2 protein chains.
Amino acid sequence: MRRSKADAAETRQQILLAAEQVFYEKGVANASMEDVARAAGVTRGAIYWHFSNRTELFLELSRSVRLPQEDLIARELEAENADVLSVLERAGGDWLELLSADAQRQRILSILLRCDYSGEFACVCERQVDIDAEHMRALEAAFGKARTQGRLAACWTPQTAATALRWMIKGVCAEWLLFGRRFDIAREGREGLRRLFLSFAPQ
Amino acid sequence: MRRSKADAAETRQQILLAAEQVFYEKGVANASMEDVARAAGVTRGAIYWHFSNRTELFLELSRSVRLPQEDLIARELEAENADVLSVLERAGGDWLELLSADAQRQRILSILLRCDYSGEFACVCERQVDIDAEHMRALEAAFGKARTQGRLAACWTPQTAATALRWMIKGVCAEWLLFGRRFDIAREGREGLRRLFLSFAPQ
DNA sequence: GAATTAACATACAGACCTGTTTGTATGTAG
DNA sequence: CTACATACAAACAGGTCTGTATGTTAATTC
């Protein structure tokens with residue numbers, strides 16, 4: 001029962017969706033390929049046709065979400081001469097709000113956070129680390145620009161400011177996603193960012 | 001070959017030490033009991049004698065480390081009328097320094113961070129959440145005291161300050177432990193705390 | 001000092017789960 | 001229209017890991 005090319009693409013997408021659901025519920029390591037297959041309405045054969053193994057399926061899944069990094073970078077770059085800090089603050093807040101409204105993004109981020117990267121999934125982790133490093137460079141550049149504009153308080157360096165921002169966003173995401181989403185991440189996140197950026201500003 | 005009570009206790013300790021090593025290297029889910037047994041110089045029989053299953057072994061291991069919470073609380077409580085904020089800042093910094101010098105603590109925290117708590121290990125996670133909640137109450141109380149002393153800037157509430165502090169410590173620990181310990185956590189951690197607590201202070 | 005029992009080692013049954021292979025029906029190119 | 005490649009399903013082979021049951025020896029107990 002050969003399907004057409006378009007059918008196959010849809011099957012692949014179904015598998016990714018199912019993997020997202022199942023990995024989210026059982027964790028990447030605990031979910032069997034059979035679980036994923038059943039959720040996708042296919043057999044393991046289909047999965048192994050489209051993906052060579054679980055790790056690659058996971059890798060592909062991780063590629064399908066934009067992390068805060070990428071969005072933040074995009075926002076920051078488009079603001080040439082504007083007030084870099086307020087752009088960054090708004091971009092961070094917007095991203096948190098986007099996250100709070102997008103269940104799929106929440107699931108994928110949860111999977112990435114809850115996963116144990118030691119062993120077979122190390123390569124997935126490495127990719128995250130790479131993205132992270134690039135993001136840090138961009139953030140530091142942005143804070144450097146703020147510094148030359150005289151908009152960064154003396155007690156912060158571009159590096160420490162970027163680090164603090166990164167820690168806060170990572171912290172709030174982890175807190176919210178891993179422990180039952182027990183607060184309003186958009187509101188409290190923006191509030192946290194507001195206070196942090198207040199301390200970034202001179203005086 | 002029945003051993004004496006003292007011998008048995010030592011065996012148990014050896015198993016815990018081995019579990020720490022193996023779980024750290026392979027992750028809790030990926031390590032087999034056989035791995036742990038071999039590292040401890042016993043057989044799986046010994047492990048199953050002392051611990052009913054892997055989850056309980058893991059739980060016991062998690063009990064053997066003091067998290068930042070507990071130490072911070074202790075420090076904070078002993079400071080009755082002193083400057084709460086500087087006590088908290090120093091306690092946080094001290095704890096990070098302690099962590100940076102204690103390889104065992106690093107390993108256990110790494111295990112706890114990297115572990116996937118969905119499924120069988122949910123109970124371990126719950127314990128962490130409970131400790132966390134209690135810690136937050138204590139921290140909020142401390143910041144509340146600072147507020148009544150007029151030492152907390154108007155833009156912070158006890159709750160938001162406690163949250164920010166928690167996020168920062170969690171963030172720096174996760175960053176350092178999970179991604180190759182690529183910076184001086186004691187120094188940069190203290191620096192981050194310093195800046196955060198500067199923004200806590202009035203003016 | 002016999003009986004008991006604690007502290008393991010060893011052996012075993014069986015549950016998964018993975019990766020592969022084989023089969024097959026159907027698009028699709030020539 | 002035929003030959004082949006594609007997109008799977010189904011069956012298979014093998015390994016690993018867990019939990020338990022049972023054996024064994026030496027501490028304790030009385």
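Keep in mind it's a predicted model, so treat the numbers as computed, not measured. Naming convention: chains lettered A, B, ... in sequence-line order (proteins, then strands); numbering from 1 in each chain.
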**Q.** Along DNA chain D (nearest heavy atom to each residue), the more 5'-positioned of B/Lys5 and B/Arg44
**A.** B/Arg44
Q) Closest to the B/Trp49 side chain: D/dT28, C/dA7, C/dA9? A) C/dA7
Q. To the nearest Å, how far apart are B/Tyr48 OH and D/dC17 P?
A. 11 Å
Q: Calculate the interatomic distance between A/Arg38 atom CZ and C/dC17 atom P; express it in whole Å.
A: 9 Å
Q: Specify the separation, in whole Å, of atom CG of B/Leu57 and atom P of D/dT18.
A: 11 Å
Q) Atom CD of A/Glu10 to atom P of C/dG27: distance rounded to whole Å? A) 15 Å
Q | Rounded interatomic separation in angstrom, taking CE from B/Met33 and C1' from D/dT20 | A | 13 Å
Q) Does B/Asp7 or A/Asn53 map to a spot on DNA chain C nearer the 5' end, using the closest nucleotide for each? A) B/Asp7
Q: To the nearest Å, give me how far apart CD1 (B/Ile15) and P (C/dC8) are.
A: 7 Å
(Q) Let me confirm one number: the CG-CD distance from B/Leu99 to B/Glu97, rounded to the nearest 0.5 Å. (A) 10.5 Å
Q.
Let's go through A/Trp49 and A/Thr11 carefully: what are the C-alpha distance in whole Å and the side-chain angles of both, what is the deciding distance for side-chain contact (heavy atoms from CB on, under 4.5 Å) to 0.1 Å, and is it a yes or a no?
A. CA-CA 11 Å; A/Trp49 170 257; A/Thr11 298; over 6 Å; no
Q) Any idea which of C/dA7, D/dT28, D/dA9 is nearest the B/Arg3 side chain? A) C/dA7
Q | Rounded interatomic separation in angstrom, taking CD from A/Gln14 and P from D/dA7 | A | 16 Å
Q. Is B/Thr43 touching bases, backbone alone, or none of the nucleic acid, heavy atoms closer than 4.0 Å?
A. base
Q: Tell me which of B/Gly45 and B/Asn30 sits closer to the 5' end of DNA chain D, going by the nucleotide each one is nearest to.
A: B/Asn30
Q: May I ask you to say what B/Arg54 touches in the nucleic acid, namely base, sugar-phosphate or nothing, with a heavy-atom cut-off under 4.0 Å?
A: sugar-phosphate
Q. Does a sphere of radius 6.0 Å around CZ in B/Arg181 hold more than 12 heavy atoms from other residues, nucleotides or ligands, not counting ones at 6.0 Å or beyond?
A. yes
Q) Under the 3.5 angstrom rule, does the side chain of B/Trp176 hit a backbone N or O of B/Gly189 as a donor-acceptor pair? A) no
Q. Can you tell me if the side-chain N/O atoms of A/Thr11 get under 4.0 Å from OP1 or OP2 in D/dC8?
A. yes
Q. Looking only at side-chain N and O atoms, does B/His50 come under 4.0 Å of OP1 or OP2 in C/dC8?
A. yes
(Q) In this structure, how many angstroms lie between the P atom of C/dC8 and the CD atom of B/Glu34, rounded? (A) 16 Å
Q) Are A/Arg137 and A/Asp132 close enough, and set up right, to give a salt bridge (Lys or Arg N to Asp or Glu O under 4.0 Å), and what steps lead you there? A) CA-CA 9 Å; A/Arg137 279 194 294 277; A/Asp132 230 50; over 6 Å; no
